[in-house]
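Below you'll find the structure, written out as structure tokens, and then a few comments.
The shown structure was predicted, so the numbers you read here are calculated from the model rather than taken from an experiment.
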Amino acid sequence: LLAKDMTNKYFALFAAILTPLSIGYSNRTIGGYYDTDMLVLFFPLFGIYFLYRILKQYNLRDVVFAAVFFILALLWHKVSATYILTASIFFAFLYLLIKDRKKLKQYEALGILIISISFINIYIKLILLIILLHFMSDKVLFFQDITDKIKSKIKYKSILILLIGCGVFIVSNLDLITSRFATYVTDKMIAQSAITLHSTSGTVMELAPLTISNLAERTMGDNATFVIGLIGIIVMFVKVKQSIILLPFLLLSFLSLKLGLRFSMFGAPVFSIGYFYLLYFLLNFLNALFKDKMALNGIKFIISICFALFAIMPNYYHTKNYFVPPVVLGNEIDALDSIKKDSKSRDDLTISWWDYGFLIPYYSNTRAIIQGTDLDGVNHFISSFILSSSSQLASYNMSKLIVEALYTDDKELMKYHSLDRILHKYHAIKDPKSFMDSLGDSSFNAPKINRNIYLYIPYSILAIQTAIDEFS
């Protein structure tokens with residue numbers, strides 16, 4: 001839809017074919033891939049499309065659709081949606097300040113979209129959005145007299161709505177933005193504890209930095225089409241000023257040079273649009289060279305098809321031949337099924353490494369101590385301690401301690417994360433090492449618990465045992 005508005009329906013079709021075939025996108029959305037990436041681009045991009053329409057020509061309907069897709073993006077994957085949509089709103093604001101600062105309605109729209117990606121209760125958010133949209137609408141559907149009186153008394157309504165949105169966003173979102181930035185970019189742990197916690201970023205394969213050639217391959221298939229696409233993006237930003245809202249997608253893909261391959265997929269739609277926008281832009285120069293319209297259209301058609309095939313076919317063959325073996329073996333599922341049969345409650349705890357964190361509750365119907373979305377190192381330490389300790393007694397005692405910590409009713413302890421709950425409970429904050437050493441003593445008085453604890457240790461975990469050891 002974005003490419004159609006900037007070029008024509010034919011180049012838009014080519015871009016729509018190329019984007020899902022790009023290696024970085026297709027590899028992470030192929031059938032059986034158990035992550036959130038299937039819709040991590042879909043919802044934000046639809047929201048960005050309606051934001052693009054708002055910047056071109058304000059329409060309240062587009063504001064509503066943009067808000068809906070922004071909310072869906074946040075519900076689907078709040079971290080990526082927060083960063084990328086916040087940055088896009090920021091660039092939209094800059095565009096308005098520089099090019100269309102007198103279009104006050106657009107400022108109202110930005111206020112609505114900022115609230116849409118704020119971390120407040122969904123019902124409160126929807127009520128607030130409905131109220132603000134009610135005052136933004138030219139056609140008042142209810143409470144017309146009261147609405148007209150309030151509108152007449154409020155000056156600078158558009159700026160007020162924008163400020164309300166910014167205020168809600170800052171109060172609700174600032175902590176997550178700064179904490180995840182610290183985890184991904186500065187490589188510092190966000191969780192504070194008396195025990196020094198190990199960063200997860202160096203142990204995750206998909207967070208390994210890419211080279212520029214890797215990025216080119218994952219976004220466009222090869223270096224040549226990557227360069228063409230990048231030139232096209234620059235030309236697009238210059239000629240279509242509103243397209244600057246796509247810049248966060250491009251920047252996030254380049255951050256994969258530091259943050260790892262998972263972020264390269266965000267560049268796929270921007271490079272696809274840029275590639276065909278450049279082709280569209282250059283072909284327009286042929287209009288002055290050919291008087292015969294039929295010959296002109298024929299030449300444009302041949303060139304367009306050749307360039308489209310040049311970009312699409314390498315990605316097509318890669319996707320066609322890309323085969324993902326099963327990520328979970330049958331006997332590994334059988335083991336989880338045996339836990340399910342033995343377990344008496346969903347509150348029973350299964351301890352393993354975070355690679356298996358999503359499988360455990362799904363197949364065994366028990367609680368996992370750690371999952372793939374945990375990045376703070378807290379439960380990594382506990383799991384690592386249990387799985388790596390040379391003392392079976394220490395592992396046994398720590399297993400009981402974590403159950404006690406997770407299901408505590410002590411409101412004071414609930415203020416802390418699970419590891420610090422243990423340390424505070426046993427007055428070990430000042431000397432955690434001595435406390436950890438004491439877990440291997442037969443004299444340690446472990447708590448009595450009323451839940452089952454299981455250890456899930458498939459053969460495949462042996463390949464990552466050295467990484468597990470690092471965390472404790």
Side-chain angles (χ1 to χ4, degrees), residues 27-40 76-77 200 203-207 262 323-408 417-419 422 446-472:
N27 284 12
R28 297 184 65 84
T29 55
I30 197 166
Y33 192 87
Y34 60 100
D35 209 335
T36 55
D37 294 335
M38 182 61 72
L39 299 174
V40 80
W76 183 257
H77 197 292
T200 58
T203 66
V204 183
M205 187 181 297
E206 65 180 18
L207 296 182
R262 71 175 304 179
F323 175 75
V324 180
V327 293
V328 186
L329 300 177
N331 56 0
E332 293 178 340
I333 296 176
D334 291 341
L336 291 171
D337 188 54
S338 68
I339 293 176
K340 181 178 181 179
K341 292 176 181 178
D342 184 78
S343 173
K344 300 298 187 293
S345 168
R346 188 170 177 80
D347 289 334
D348 288 344
L349 190 69
T350 299
I351 297 168
S352 189
W353 198 234
W354 66 339
D355 297 52
Y356 309 95
F358 293 127
L359 303 177
I360 289 169
Y362 184 82
Y363 286 109
S364 72
N365 200 38
T366 59
R367 179 172 179 175
I369 188 176
I370 184 173
Q371 295 188 335
T373 51
D374 295 329
L375 297 172
D376 57 16
V378 174
N379 290 325
H380 295 79
F381 175 88
I382 295 170
S383 293
S384 173
F385 185 95
I386 295 169
L387 297 173
S388 303
S389 176
S390 58
S391 168
Q392 291 188 29
L393 184 57
S395 296
Y396 171 79
N397 286 330
M398 177 60 85
S399 300
K400 299 183 77 174
L401 289 174
I402 186 57
V403 171
E404 181 187 44
L406 290 174
Y407 293 104
T408 183
H417 56 64
S418 56
L419 180 56
I422 296 172
K448 294 182 179 180
I449 57 173
N450 56 1
R451 292 175 174 85
N452 289 342
I453 303 174
Y454 303 93
L455 291 179
Y456 180 64
I457 311 175
Y459 285 121
S460 56
I461 205 172
L462 295 175
I464 55 174
Q465 186 62 45
T466 53
I468 297 174
D469 293 345
E470 292 181 17
F471 284 84
S472 63

For Ala405, does its backbone N or O pair with a side-chain atom of Thr408 as donor and acceptor, under 3.5 Å?
no
Using side-chain contact (heavy atoms from CB on, under 4.5 Å), reason through Ile464 and Asp355 one step at a time and then give a plain yes or no.
CA-CA 10 Å; Ile464 55 174; Asp355 297 52; 3.8 Å; yes
Indicate the atoms forming the closest heavy-atom contact of Ser388 with Gln465, along with that distance.
OG-NE2, 3.4 Å
Interatomic distance, CD1@Ile351 vs CE@Met398, rounded to 0.5 Å, equals 9.5 Å
Is the Phe471-Trp354 ring centre distance short of 6.0 angstrom?
no
For Asn452 and Ser343, what are the C-alpha separation, side-chain angles and deciding distance, and is it a side chain to side chain donor-acceptor pair (under 3.5 Å)?
CA-CA 7 Å; Asn452 289 342; Ser343 173; 5.3 Å; no
Are Ile402 and Ser418 side-chain neighbours, meaning at least one heavy-atom pair lies under 4.5 Å?
yes
Ile386 and Leu455: CA distance, side-chain angles, deciding distance, side-chain contact (heavy atoms from CB on, under 4.5 Å) verdict:
CA-CA 9 Å; Ile386 295 169; Leu455 291 179; 3.8 Å; yes
Rounded distance (nearest 0.5 Å) linking atom NZ of Lys340 with atom CG of Asn365:
6.0 Å
Show the nearest heavy-atom pair for residues Ala394 and Phe385, with the distance to one decimal.
O-CE2, 3.7 Å
Under 6.0 Å from the NZ atom of Lys400, do we count more than 12 heavy atoms belonging to anything else shown?
yes
Kindly indicate whether the side chain of Trp353, heavy atoms from C-beta on, has any atom under 4.5 Å from the side chain of His380.
yes
Check whether any side-chain heavy atom of Tyr407 lies under 4.5 Å from a side-chain heavy atom of Arg367, and answer yes or no.
yes
Val403 vs Ile453 side-chain heavy atoms within contact, under 4.5 Å
yes
Approximate separation, where rounding is to 0.5 Å, of Ile457 CD1 and Leu387 CG:
5.5 Å
All heavy atoms of Ile339 vs all of Tyr456, minimum pair found to be CD1-CD1, 4.5 Å
Which heavy atom of Asn379 sits nearest a heavy atom of Ile369, and at what distance?
ND2-O, 3.3 Å
Please round to the nearest 0.5 Å and tell me the distance separating atom OG of Ser399 and atom CD of Gln392.
11.0 Å
Taking it one step at a time, do Ser352 and Ile360 satisfy side-chain contact (heavy atoms from CB on, under 4.5 Å)?
CA-CA 9 Å; Ser352 189; Ile360 289 169; 3.8 Å; yes
Could you give the distance from CD1 (Ile370) to OG (Ser384), rounded to the nearest 0.5 Å?
9.5 Å
Can you see which heavy atom on Gly357 is nearest to which on Ala368, and at what distance?
O-CB, 3.6 Å
Before giving the answer on side-chain contact (heavy atoms from CB on, under 4.5 Å), spell out for His77 and Leu39 the whole-Å C-alpha distance, their side-chain angles and the decisive distance to 0.1 Å.
CA-CA 9 Å; His77 197 292; Leu39 299 174; over 6 Å; no
Does the side chain to side chain donor-acceptor pair (under 3.5 Å) test come out yes or no for Thr350 and Thr366, once each step is laid out?
CA-CA 6 Å; Thr350 299; Thr366 59; 2.6 Å; yes
Could you check if a side-chain atom of Ser460 sits within less than 4.5 angstrom of a side-chain atom of Glu332, using non-hydrogen atoms only?
yes
For Asp337, enumerate each residue passing the salt bridge (Lys or Arg N to Asp or Glu O under 4.0 Å) test, keeping only those at least two apart in sequence or located in another chain.
Lys341
For the residue pair Arg451 and Leu349, establish whether any side-chain heavy-atom pair is separated by less than 4.5 Å.
no
So which of Tyr363, Tyr362, Tyr454 actually passes side chain to side chain contact (heavy atoms under 4.5 Å, CB included) with Leu336?
Tyr363
